[in-house]
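These notes are about the structure you will find just below.
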Amino acid sequence: MSSMKYPYRDLGVPFDRNFRNDLNANFDDIEHDIRMIGGEAAQQALEAAHEAETQAIYAQQMGDYAEEKGDYAAQQGDYAKVQGDYAKSQGDAASLAVNNANNALAAANEAVNNANTAIENANIAITNANNAAASANDAATNANSAATNANNAADNANTQAMNAQNAAQSANEAATNANDAADNANTQATYAQQQGDYAKEQGDYAKQVGDENKTRWLTAVNTYADIATTYPNPQLGDTVQTIDDSKIYRWDGTQWVWTQQYNANAITDVQNKIGILNKKTESVFSVKEFGAKGDGQNDDTAAIRATIDYAYSQGGGTVFFPKGTYKVSAQIDVPWGVNLNGNGKAVFEVYHTLGYCFNLQGRHEVRGLKFYYPQQDMSGQNIVIYPAAIGGSNVNYTIIDNIGIGNAYIGIDLSNGTGGIIISNVYGFPLYRGIIINNCIDVTHIDRVHFNPNYYGTPALDLKRWVWQNGIGIEIGRHDFGNIDKAFVRGYKALLHFTDGSIGGAANNIKVTNWIADACNTLAVFSHHAGGIGFYFGTGTFYYPYTNDPNPPSQSNTFLNVNNGGATTFESKYLYFISNRVYRAQNHGIWAYNPIVCIGNEFTNYAYKYTESDSAVIDCIQLNTGSDGSIIKDNIIDGKNKAQNRCIAVVSSSNHVIENNILLGWKAADIYISSDSTTNQLFNHPRKQVFATAAPTSGTWRTGDIVWNSAPTANGYVGWICVASGSPGTWKGFGLIQS
């Protein structure tokens, strides 16, 4: 305990006895004054130290927060930490000031002046503490700057990530194009190799035939016995005649073989054979030789018929149409074995509505023809219904190539007992149907089709609307197998229409690849009622910008409606939709009433015409009753951010696999499953991320879903995250923005 009589003992300082006695005599008064002055200074110093320490702790916390923002923020946080350490050192200096004050109290035992010095030291300590507080404030300011820089760095990082994503998408598209080019190159290389192998086989065969028929005539001998003595070392092909019996012998490499009897009429026989060959090379018949004018003024129907009839009477051949415009006023029948070739320069102007222009009746090759209907109403007010430009029944194993169908109402119609048809390079602006295939019992190949309303320039608006609501690129009825590749249509109701066969059945096993449906109402119409197994759509593009129309017609309810045509006997199994891109479809996407396999597709900007006030519920993919067992996998689905929109809807169906889909902008639900749909499997389903101005108050959400703040403000949040699934679930803000 401190002694009031001898307080200098607490200071631990030895003093001179006389001075000590004098000091003791006056100590009470001095002690009171000193303790009052020194105590206040010490108290102020302590408070300053605490304040400095508080500022240091705050600076440290701000530094830690800045450190979490990234590498750059970490550097700023380190700097803030240095400032905090400096503030702490100032606090330590303040603590030292306290010690100095205690020393000043001890020194008061030596001299009152020393006490005044202690007071001055205390004042210095206060100044230092204030400086420390100011430094701490500077550190906090620097920390705030660091946080701002960190936020800017995060924004830059997000921008770089988006750029990287766009670059990756471009790279993927380039890679896809490169793969397609490689596949085409491999196909061409394989074909070239096959042709080379075939040529080699033909060459080997020709060499073999040449060796077998090689002939070197030797001078005749009298008898067969004279051959061996006259020619003891024969070579392959040596041939000699024996005079006594007029026989001819040939050395085959091992023995002399009797090949033939001398025939004085041999030259005549050869001449006859040459005549037959000439007849075969001459089986091309020009219509000009039978009176056709090809001037667009005279009716060439009779001349064309006469040419075809003559070709048929000669056992078949090719009817050739030199460059010109041929006026046709009635149907022209083409019997079995007669081919048509216009070399891409023959145009047929059709002036009749009774029957086809050319009626095929068997097996043919039809190449290089163009058609035009001068009397068709191109205003769209009174469209004339014409039969097809090329049609027929019982047509099989026929090639139709390089055909311009112009403004035909129907381009090609092979709908009666066809098989083994190859159709390629067909182009023009057919109004109602481009190609019709029905009742086909064998594989059909259709490739390189291009139908476009702009074939004759910009069409009249009424005609454009009519075609958009009624026109079909390719119609398939009863069919066993078919391949459609590189089909392009623009401005039609649909690229494809699958319907019933006229003798029963429906389309089966149809593969459609590298297709483009541009500015079309929908991709395909399904209206068949029986059969229908296996449809494949791959590497295609659907794009819907119906433009340049002040009053555009309504779009179909769905982009692809896989239904049963309203009948209960529909047996379609699996539609495959693989690696396609669908852009800007207005309404629903794929509605399935039968199983579908939907893998690796991109659906972009779905339901774009709808606004937040629209009440319609729009689904990109809806799996309805009958679609059990569908597979929806590895798709990117980006829709309009509207409250009613749903990405994938499972309605009254079960046993689906939904896996690894990226779902963006679907506000109501990314995946909706009705209560009566069971045993569905959802794997690796990424969380939904959308933009809005507040946390959701409706819709169904899952834990981890994020709503980014589209209108951030000071003291607000960067976004909100769902922490408990539900409707709308439980939401918490994250990323508090500074004031």
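Worth knowing before you read on, the calculation uses all heavy atoms, side chains too, and leaves out hydrogens, waters and symmetry mates.
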How long is the span from the [atom1] atom in [X] to the [atom2] atom in [Y], to the nearest 0.5 Å?
| X | Y | atom1 | atom2 | answer |
| --- | --- | --- | --- | --- |
| D518 | T541 | CG | OG1 | 9.5 Å |
| N483 | K511 | CG | NZ | 6.5 Å |
| I400 | I390 | CD1 | CD1 | 5.5 Å |

With a 4.5 Å cut-off on side-chain heavy atoms, are [Y] and [X] touching?
| X | Y | result |
| --- | --- | --- |
| F429 | M378 | yes |
| Y386 | Q375 | yes |
| V582 | N601 | no |
| T499 | E475 | yes |

Determine whether more than 12 heavy atoms belonging to other residues, nucleotides or ligands lie under 6.0 Å from atom [atom1] of [X].
| X | atom1 | result |
| --- | --- | --- |
| K293 | NZ | no |
| Y312 | OH | no |
| F481 | CZ | no |

Indicate the ring-plane relationship of F537 and W515, choosing parallel, tilted or perpendicular according to the 30° and 60° boundaries. perpendicular
Discussion item. For F358 and F348, take the angle between the two ring planes, folded into 0 to 90°, and tell me which bin it lands in: parallel under 30, tilted 30 to 60, perpendicular over 60.
Written reply: perpendicular
Could you go through residues 401-410 and list every donor-acceptor pair under 3.5 Å that involves a side-chain atom there, pairing it with any protein atom two or more places apart or in another chain?
| unit_1 | atom_1 | unit_2 | atom_2 | d |
| --- | --- | --- | --- | --- |
| D401 | OD1 | S424 | OG | 2.6 |
| D401 | OD1 | N425 | ND2 | 2.9 |
| N407 | OD1 | Y373 | N | 2.9 |
| N407 | ND2 | Y373 | O | 3.1 |

For the residue pair [X] and [Y], what are the closest heavy atoms and their distance?
| X | Y | value |
| --- | --- | --- |
| D413 | A388 | CB-CB, 3.5 Å |
| G491 | V467 | O-CG1, 3.7 Å |
| H479 | I437 | CD2-CG2, 3.5 Å |
| G362 | W336 | CA-CD1, 3.5 Å |
| P335 | I308 | CD-CG2, 3.5 Å |
| Q331 | L354 | CB-O, 4.0 Å |

task = Establish, from distance only, whether the side-chain atoms of S329 and D299 form a donor-acceptor pair under 3.5 Å.
result = yes
Sorted by chain and residue number, the side-chain hydrogen bond (donor to acceptor under 3.5 Å, both in side chains) partners of Y351 (sequence neighbours excluded) come out as E349
Only one of L523, V597, I621 passes side-chain contact (heavy atoms from CB on, under 4.5 Å) with F577, and that residue is L523
Keeping N396 on the side-chain end and G420 on the backbone end, is there a donor-acceptor pair under 3.5 Å? no
